[in-house]
Structure formats: C-alpha cells, structure tokens
Amino acid sequence: MKIKELEPLLQEKKSLYITLILSIIYVIPLIIADYDYLDDYGRNLYGYGWQHDGRFVATLLGKMWSLNSANFSIFPFSTILSAVTLGFTGYLLTCFFNLDQNKLVKWSSLLIVTMPTFLGNLVFKFDCLPMSLSLLVIVLPYVFYNSWIKFFIASVIGIFLSLGLYQSGATCYFIVGSLFLIKTLINNDWKLFFNRLCTYIASFIISFLGYLSIINVAKLPVSNRTETILGKDHFFDLLAANNEIFMQRLDLLLYSGNYHYIVFFFIAVSLMGIVFYMYQNVKSIYKIVVLIPILFVLTVNLWLISSVNIILKETYWDLRTFCGLGFFLILIAFFQSYLKGKIVYLSRFATFLVVAFSFMLMAQFGRILTNQNQFQQAVVNDLTYHLKNETIQKVGFIGTLPIAPRNEFVYYKFPLFTNLLGSPIGQFSAWTKDALNINGMLTNVEVFSTDDFVCKGELIETTRYYHVRKIDKETLVIDFNKNACN
C-alpha cells in the first residue's frame, strides 16, 4: 500500500540508501562487542517483557518478533533494525525541513541515530528496537501535517504507541512539532499556528489518557518515579535543583573528548542563519520581532532534550532518557537553510564533525564493552571456585566490581561513559545474580547486598579486586571494597 504523502519525501533514493547504510555501519561496534547490558541478563534467562514499566506495546512487539509467548533476543538483527529505524527517522526529518537539499550524503539525517545519549539505548539487545520505534512513531504523523484530520489521527496513534514502547521518546513529538510552528511563525500564519498547537496538545492528552486507561484496566505496575513537582511546595526550588542536575548531565556529555568544541561550532555556524535571516528581512518589523518567541521555543526544547525529567520529583537522570538530543540538533540545523555563499559549505562541515565524533565515540564504546565483558568473565571464573560449593546457600556483596582496568583511560577522557556503563556486579546492582549465574550454579542461591558483614567471618581469599569471606558453612561474602580489618 502506497502512502501518497510519503512518496515526495522518498524521491532521493540514493541519499536514503546511503543514510541507512551509514546507520548500519555505525552500530557495527555494538554487534562485535556482543555485550549483555543490564536487563538483557534477566530477559535472556527468563524472557520477561516491559509491561511492569508500563511499556505494554514493547512487550507485545517482543512476543511478535519472538513468535512465542515469551521474549527472546533476535540480536544482532534487533540492533541492525534499530539503526535502520533511526536512520529513516532522521531522513524523514531532513526532508521535512529541506536540510541538505540536493546533496547525495545528507549528514543531518544521521543526527538522530548518532546522538551520543542514545548509545545507552542501542546497546540493549532487547530494548533497542522498541526504543528506536518509539521515536519513529512520533515522527511519522508529520508526514500528514498538511491534512488536519489525518495528522490528528496519526498523532494520537503515534503518541500512544510511543508511550507504550518507551515513554521518554514521546516528548520528542513536541520538539518536531515546534519546528513546524517556527515555520508558521516565520510565514506569519497565526491561524495555522494555533490550529496545530491545539492539535499537538489535544493529541497528547487523548493519547496519554488512553495510555493510562490501558494501564489501569490491565492493572499494570508503573514505576513510582512518575510523580512530578507540579503543584508541590517550593516548586521553583525543586525546578532549580532539577535544572542543576540537567546541566551536570550536559556537562558530562559536552566535556567528553572535544565534543563541546564541535557542538558549539555546529551551533554557532547554524545560528548564523538567523543573522542572514535578519539581513534579508531588515525592513520587516514582524520578521524581526518573531525571533523572540522562536528563541523561547529553542530554550524550551533545550529542556525537552531530557524528556520530562526536568519536572519529575524522582528520576535516575540516565543519559539514555535524553532522547531529544538528536531532535534538538536537527532543530538547530534548520537555521542552516538561511545561510548563503561559502558559509553553506562550512555548515555542512560542522554537521559532518558532529556525526564523525559520534562514530568515533561509538568505536570507543564498543571497545570498553568488550574490555568490560572480558574482565567480568575473568572475575566470574575466579569466583566460580568458591560458588560451585553446593553447601553455599547465601552470597552477600559489599561494594561494586570496578570497571575494567583497560577502560580507565577511556573513562577519564570520555566521562559520559560513567553514566552509560557501570559494573552489573555488586552491592547496588539488580543484575548481580544474573551476571554471575552463567552456568546455573546460583539458581537456588540467595544473593543479597549488605554492609552487616564487613570484616566478619574468615578471610579465605584476597585479590586486587575483591576479598572473599566465609561467614559460616552456608554463607559467603564478596567484598569489592576490600575493607581493611584488624
């Protein structure tokens, strides 16, 4: 079935194929690393879905690709399909806003798949595809933007699916929509502006209410991290505190390698388009004044990079929830369309640098995943000597297994990896048992986290990375803190 609204967007077939091929090349380091990331441990063992996080659409999708009542990994195909999905999403956005017109390689189309914050999403063998689809389904409605009825219906469906796939992706709908609103402001089409703004809000409310209805009817458990600061006492203090954390996360990202220089250069060159815009419209007061609400929209979208974290009372602030980064970069790139002369080539170079940095970052990420995997396997093999004893019924953990020694320099140069990859083995990890239970020896063993057994029991082994203490004939404690005891 052909969608007539989509056909004009896909006329440059060679450019589309290049975008998709480069997107697949981008994820090759993840495929080579073959790293089980966080929940991948549990899903590999037990095949559970995401309905406990309110992501019931992701669970349904997982069962469909597994052709089973349980979820199974289709890695590496899930990673490849995710790359294609994100590449296609970026390509659509590039076509929507006439970026890189008549260029064989559209670098701006890669800003979605290569956004550094999405590394923590793509590395999931199970989650990556639902997370990627959550971004595509909020972009597809804009294919029907010029038809109010189709756009409204597609928006309701798209936002609903996005919420059920990965909630953090749903707010990107507003970043994309804001760019369409900016175009209506520039064109002085206030009727269309308010029409579409109301459509955005109505679509989101209807979708969200429908999503909550499914959650309540099916009695699905939802994370307690959904409480907002809206209406709370000291609201502005809480908002300021959240904003400070948000800025800390941005610093973590921007000051990884030379990313801050590259991004600032990209933003500076792109926003020079505003200068060209003002010069072209210097005689139009409206065209100049309209820049004020446009700058306000840019500021709001900066906060939307982190989804709704800015208004949540409690959240992990993981960089993988910062799904809006690539969309924000596309928003900035939009102003390149007003550039003239040789600055156009400079803007393409700036966009290329942003994409090139992400490819380099992915190469480092793949390497640290491989190093961490090898390090963890070595530690697990060493611990197996103690854990294989069938009399052991309880294993306690103090502290956390450190990062692989080979990764220390990379972590130092690229501190965002501290937010993306930590050890899954230790006192504060929910995946310790799954990560250690490679050969099933811990299936019937209770794994617990505690500080109650510090320096207790007999010290039976000391290594560079941990101490092993035997509390009694049934209980072992692994102390990664290597507490000094008298």
Side-chain angles (χ1 to χ4, degrees), residues 6 8-28 30 79-122 128-143 145 158 162 165-166 168-180 262-263 266-267 270 301 304-305 320 322-337 347-348 350-359 361-362:
L6 193 58
L9 301 172
L10 304 180
Q11 290 180 347
E12 299 179 68
K13 292 290 195 301
K14 289 185 179 179
S15 293
L16 173 59
Y17 296 152
I18 289 174
T19 294
L20 298 183
I21 291 170
L22 289 174
S23 298
I24 294 173
I25 292 174
Y26 174 70
V27 298
I28 287 177
L30 293 181
T79 305
I80 294 171
L81 289 172
S82 297
V84 170
T85 298
L86 294 172
F88 184 65
T89 302
Y91 187 84
L92 285 179
L93 291 170
T94 298
C95 293
F96 286 159
F97 306 117
N98 301 316
L99 303 178
D100 292 322
Q101 279 188 297
N102 303 317
K103 300 297 183 182
L104 185 60
V105 181
K106 298 182 183 297
W107 295 115
S108 56
S109 67
L110 296 168
L111 291 174
I112 300 297
V113 66
T114 62
M115 56 178 157
T117 53
F118 215 73
L119 285 172
N121 307 72
L122 285 172
C128 61
L129 189 51
M131 288 174 169
S132 300
L133 286 171
S134 74
L135 301 184
L136 175 61
V137 295
I138 57 94
V139 170
L140 283 176
Y142 289 95
V143 171
Y145 186 77
S162 186
L165 287 165
Y166 185 55
S168 294
T171 51
C172 296
Y173 173 82
F174 290 107
I175 301 181
V176 178
S178 69
L179 192 40
F180 279 94
I262 294 171
V263 169
F266 168 78
I267 293 175
S270 298
N301 282 328
L304 286 178
I305 286 176
R320 67 173 175 270
F322 284 42
C323 299
L325 176 62
F327 293 89
F328 182 76
L329 293 177
I330 292 253
L331 176 62
I332 295 297
F334 167 74
F335 295 98
Q336 294 179 5
S337 60
S347 68
R348 274 183 60 78
T351 306
F352 166 76
L353 284 180
V354 173
V355 173
F357 179 88
S358 294
F359 270 81
L361 197 65
M362 174 62 88

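Start at 1 with the first residue, then count along the sequence. Just so it is clear, the structure is predicted and the values come from calculations on it, not from any experiment.
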A.B. asks: Could you check whether any side-chain N or O of Ser132 sits under 3.5 Å from a backbone N or O of Ala83, counting only pairs where one atom can act as donor and the other as acceptor?
C.D. replies: no

A.B. asks: Which residue is it: Ile18, Leu20, Leu10? I am looking for the one with a side chain to side chain contact (heavy atoms under 4.5 Å, CB included) to Tyr91.
C.D. replies: Leu10

A.B. asks: Would you sort out whether Val139 and Phe327 count as a side chain to side chain contact (heavy atoms under 4.5 Å, CB included), showing the intermediate values?
C.D. replies: CA-CA 10 Å; Val139 170; Phe327 293 89; 3.7 Å; yes

A.B. asks: Could you verify whether a donor N or O on one side chain and an acceptor N or O on the other, from Gln336 and Thr351, lie under 3.5 Å apart?
C.D. replies: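 Note: Gln336 and Thr351 side chains meet the donor-acceptor criterion.
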
A.B. asks: Would you say Ile21 and Ile24 make side-chain contact, with heavy atoms under 4.5 Å?
C.D. replies: no

A.B. asks: Using only atom types and a distance under 3.5 Å, with no angle test, would you say the side chain of Ser162 pairs donor to acceptor with the backbone of Ala170?
C.D. replies: yes

A.B. asks: Within the 3.5 Å criterion, strictly below it, is a donor on Asp100 or Thr94 matched to an acceptor on the partner's side chain?
C.D. replies: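 No, Thr94 and Asp100 have no side-chain donor paired with an acceptor closer than 3.5 Å.
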
A.B. asks: For the residue pair Leu110 and Thr19, establish whether any side-chain heavy-atom pair is separated by less than 4.5 Å.
C.D. replies: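 They are in side-chain contact.
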
A.B. asks: Answer whether the closest heavy-atom distance between the side chains of Leu104 and Ser15 falls below 4.5 Å.
C.D. replies: yes

A.B. asks: When you look at Asn121 and Tyr166, which way does the side chain to side chain contact (heavy atoms under 4.5 Å, CB included) test go after all the steps?
C.D. replies: CA-CA 10 Å; Asn121 307 72; Tyr166 185 55; 3.6 Å; yes

A.B. asks: Do Met115 and Phe328 come close enough that some side-chain heavy atom pair is under 4.5 Å?
C.D. replies: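 Heavy-atom side-chain distance check fails, nothing below 4.5 Å.
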
A.B. asks: For the pair Tyr142 and Phe180, name the ring-plane relationship: parallel under 30°, tilted 30 to 60°, perpendicular over 60°.
C.D. replies: parallel

A.B. asks: Okay, side chain of Ser337, backbone of Phe334: is any donor-acceptor separation there less than 3.5 Å?
C.D. replies: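 Pair found, side chain donor or acceptor close to backbone of Phe334.
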
A.B. asks: Would Ile25 and Phe359 count as a side chain to side chain contact (heavy atoms under 4.5 Å, CB included) if you check the C-alpha gap in whole Å, the side-chain angles of each, and the deciding distance to 0.1 Å?
C.D. replies: CA-CA 9 Å; Ile25 292 174; Phe359 270 81; 4.3 Å; yes

A.B. asks: Can you tell if the side chain of Leu135 reaches within under 4.5 Å of the side chain of Cys172, non-hydrogen atoms only?
C.D. replies: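 With C-beta onward as the side chain, the pair touches.
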
A.B. asks: Among Val354, Asn301, Ile267, which one satisfies side chain to side chain contact (heavy atoms under 4.5 Å, CB included) with Ile332?
C.D. replies: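 Looking at Val354, Asn301, Ile267, the match for Ile332 under the side chain to side chain contact (heavy atoms under 4.5 Å, CB included) is Ile267.
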
A.B. asks: When you compare the side chain of Phe97 with that of Ser108, does any pair of heavy atoms fall below 4.5 Å?
C.D. replies: no

A.B. asks: Ser82 side chain to Leu129 main-chain N or O, any donor-acceptor pair under 3.5 Å?
C.D. replies: yes

A.B. asks: Can you find a heavy atom in the side chain of Leu353 that is under 4.5 Å from one in the side chain of Phe266?
C.D. replies: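 Heavy-atom side-chain distance check fails, nothing below 4.5 Å.
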
A.B. asks: Calculate, to the nearest 0.5 Å, the distance between atoms NZ and SG belonging to Lys106 and Cys95 respectively.
C.D. replies: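 Going from the NZ atom of Lys106 to the SG atom of Cys95 covers 6.0 Å.
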
A.B. asks: Do Trp107 and Leu22 have side chains that get closer than 4.5 Å, going by heavy atoms?
C.D. replies: yes

A.B. asks: Measuring from Arg348:CZ to Lys103:NZ, what's the distance to the nearest 0.5 Å?
C.D. replies: 5.5 Å

A.B. asks: In Å and rounded to the nearest 0.5 Å, what is the CG to CD1 distance from Leu86 to Ile112?
C.D. replies: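 One gets 8.0 Å once the value is rounded to the nearest 0.5 Å.
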
A.B. asks: As a test of understanding, state which of Val113, Thr114, Leu119, Ile28 forms a side chain to side chain contact (heavy atoms under 4.5 Å, CB included) with Met362.
C.D. replies: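 By the side chain to side chain contact (heavy atoms under 4.5 Å, CB included) criterion, Met362 pairs with just one of Val113, Thr114, Leu119, Ile28: Leu119.
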
